[in-house]
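Everything quoted here is computed from the prediction, not taken from an experiment.
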Amino acid sequence: MRKLISIVVLVIVAACSTPTKEELASLAAKGYYQHLIDGDYDHFLEGRVMADSLPDDYRSQLIDGYAQFLAQQQKARGGINEVRVSRAFTDSTQQYTSVLLMLCYGDSTTEEVVVPMVEHNGRWMMK
């Protein structure tokens with residue numbers, strides 16, 4: 001009986017220590033947005049599905065747009081100081097996980113954004 005209880009406890013501990021797909025998608029989304037607010041636009045863009053197949057001119061336009069967005073947020077709200085994960089949920093019919101991130105601005109306001117994430121070749125990426 002004692003062995004059975006030990007095995008059950010080990011199975012429960014092992015199950016609890018394996019991260020869920022929502023947790024993995026959340027960590028990836030938060031990491032990509034951290035790259036964005038740090039001004040590391042290339043790494044933010046690399047977090048998008050199919051980013052490696054973008055034409056160079058379109059890629060540079062996207063990076064310029066990211067820089068303009070951050071400059072606008074700096075002027076309007078004091079910049080984005082922090083990114084927090086609010087929650088995540090998986091839509092089994094659409095085959096993606098939505099991660100809700102809280103963007104915390106310098107003027108103490110927050111904004112919640114939805115980041116659709118998909119697992120692509122074993123890596124969580126923005127849709």
Side-chain angles (χ1 to χ4, degrees):
M1 185 67 169
R2 183 178 252 174
K3 280 187 176 184
L4 180 61
I5 292 173
S6 296
I7 291 172
V8 170
V9 168
L10 284 175
V11 168
I12 291 172
V13 169
C16 292
S17 65
T18 304
T20 64
K21 66 166 110 181
E22 290 82 6
E23 291 169 329
L24 294 172
S26 295
L27 287 173
K30 181 179 178 182
Y32 295 138
Y33 269 76
Q34 190 61 51
H35 284 301
L36 176 67
I37 66 174
D38 290 343
D40 190 358
Y41 310 122
D42 286 319
H43 279 106
F44 178 74
L45 184 56
E46 289 303 318
R48 301 219 31 166
V49 173
M50 307 301 283
D52 56 349
S53 63
L54 294 173
D56 288 339
D57 58 335
Y58 185 61
R59 182 182 191 84
S60 78
Q61 289 174 11
L62 285 172
I63 289 174
D64 289 345
Y66 299 149
Q68 290 172 2
F69 169 75
L70 281 185
Q72 177 189 33
Q73 297 308 309
Q74 182 65 38
K75 184 177 179 182
R77 299 180 177 182
I80 303 170
N81 293 342
E82 184 183 2
V83 178
R84 296 182 193 151
V85 175
S86 177
R87 66 187 177 105
F89 57 92
T90 299
D91 185 332
S92 58
T93 59
Q94 297 292 324
Q95 300 298 313
Y96 67 88
T97 298
S98 292
V99 177
L100 282 72
L101 297 177
M102 293 297 292
L103 304 181
C104 304
Y105 291 94
D107 65 357
S108 75
T109 60
T110 59
E111 179 180 6
E112 189 171 53
V113 296
V114 179
V115 183
M117 301 289 289
V118 293
E119 193 171 6
H120 181 69
N121 295 330
R123 181 177 167 207
W124 283 96
M125 303 184 81
M126 296 179 287
K127 191 171 178 183

Exercise for review: May I ask you to decide whether Arg87 forms a salt bridge with Glu22, counting only side-chain N to carboxylate O separations under 4.0 Å?
Suggested key: no

With a 4.5 Å cut-off on side-chain heavy-atom distances among I, L, V, M, F, W and Y, is there a chain of contacts connecting [X] to [Y]?
X: Val49; Y: Met117; answer: yes
X: Tyr33; Y: Phe89; answer: no
X: Leu70; Y: Leu101; answer: yes
X: Val115; Y: Val118; answer: yes

Could you state the interatomic distance from [atom1] ([X]) to [atom2] ([Y]), rounded to the nearest 0.5 Å?
X: Lys30; Y: Arg84; atom1: NZ; atom2: CZ; result: 9.0 Å
X: Glu119; Y: Gln95; atom1: CD; atom2: CD; result: 11.0 Å
X: Leu62; Y: Asp42; atom1: CG; atom2: CG; result: 11.0 Å
X: His43; Y: Asp38; atom1: NE2; atom2: CG; result: 11.5 Å
X: Leu103; Y: Arg77; atom1: CG; atom2: CZ; result: 8.5 Å

Review point. Sequence neighbours excluded, which residues qualify as salt bridge (Lys or Arg N to Asp or Glu O under 4.0 Å) partners of Glu46?
Key: Arg59

Non-hydrogen side-chain atoms of [X] and [Y] separated by less than 4.5 Å:
X: Glu23; Y: Thr20; result: yes
X: Val114; Y: Val99; result: no
X: Asp40; Y: Tyr32; result: no
X: Pro116; Y: Met126; result: no
X: Tyr105; Y: Gln74; result: no
X: Gln61; Y: Tyr66; result: no
X: Val113; Y: Leu100; result: no
X: Lys21; Y: Thr90; result: yes

Review point. Looking only at heavy atoms, which two atoms of Ala51 and Leu45 are closest? And how far apart?
Key: CB-O, 3.1 Å

Check your understanding: Between Asp64 and Gln68, does any side-chain donor sit less than 3.5 Å from a side-chain acceptor?
Key -> no

Practice item. Kindly indicate, with the supporting measurements, whether the criterion side-chain contact (heavy atoms from CB on, under 4.5 Å) is fulfilled by Met102 and Val83. Key: CA-CA 6 Å; Met102 293 297 292; Val83 178; over 6 Å; no

Exercise for review: Report the C-alpha separation of Leu36 and Tyr41 in whole Å, then their side-chain angles, then the decisive distance to 0.1 Å, and conclude whether the side-chain contact (heavy atoms from CB on, under 4.5 Å) test is met.
Suggested key: CA-CA 5 Å; Leu36 176 67; Tyr41 310 122; 4.0 Å; yes

Review point. Considering residues, nucleotides and ligands other than Asp91, do more than 12 of their heavy atoms fall under 6.0 Å from its CG?
Key: yes

Review point. Please walk me through it: do Phe44 and Ile63 pass side-chain contact (heavy atoms from CB on, under 4.5 Å)?
Key: CA-CA 9 Å; Phe44 178 74; Ile63 289 174; over 6 Å; no

**Study point:** Audit row: Trp124, Thr97, side-chain contact (heavy atoms from CB on, under 4.5 Å) steps and yes/no
**Key:** CA-CA 10 Å; Trp124 283 96; Thr97 298; 3.7 Å; yes

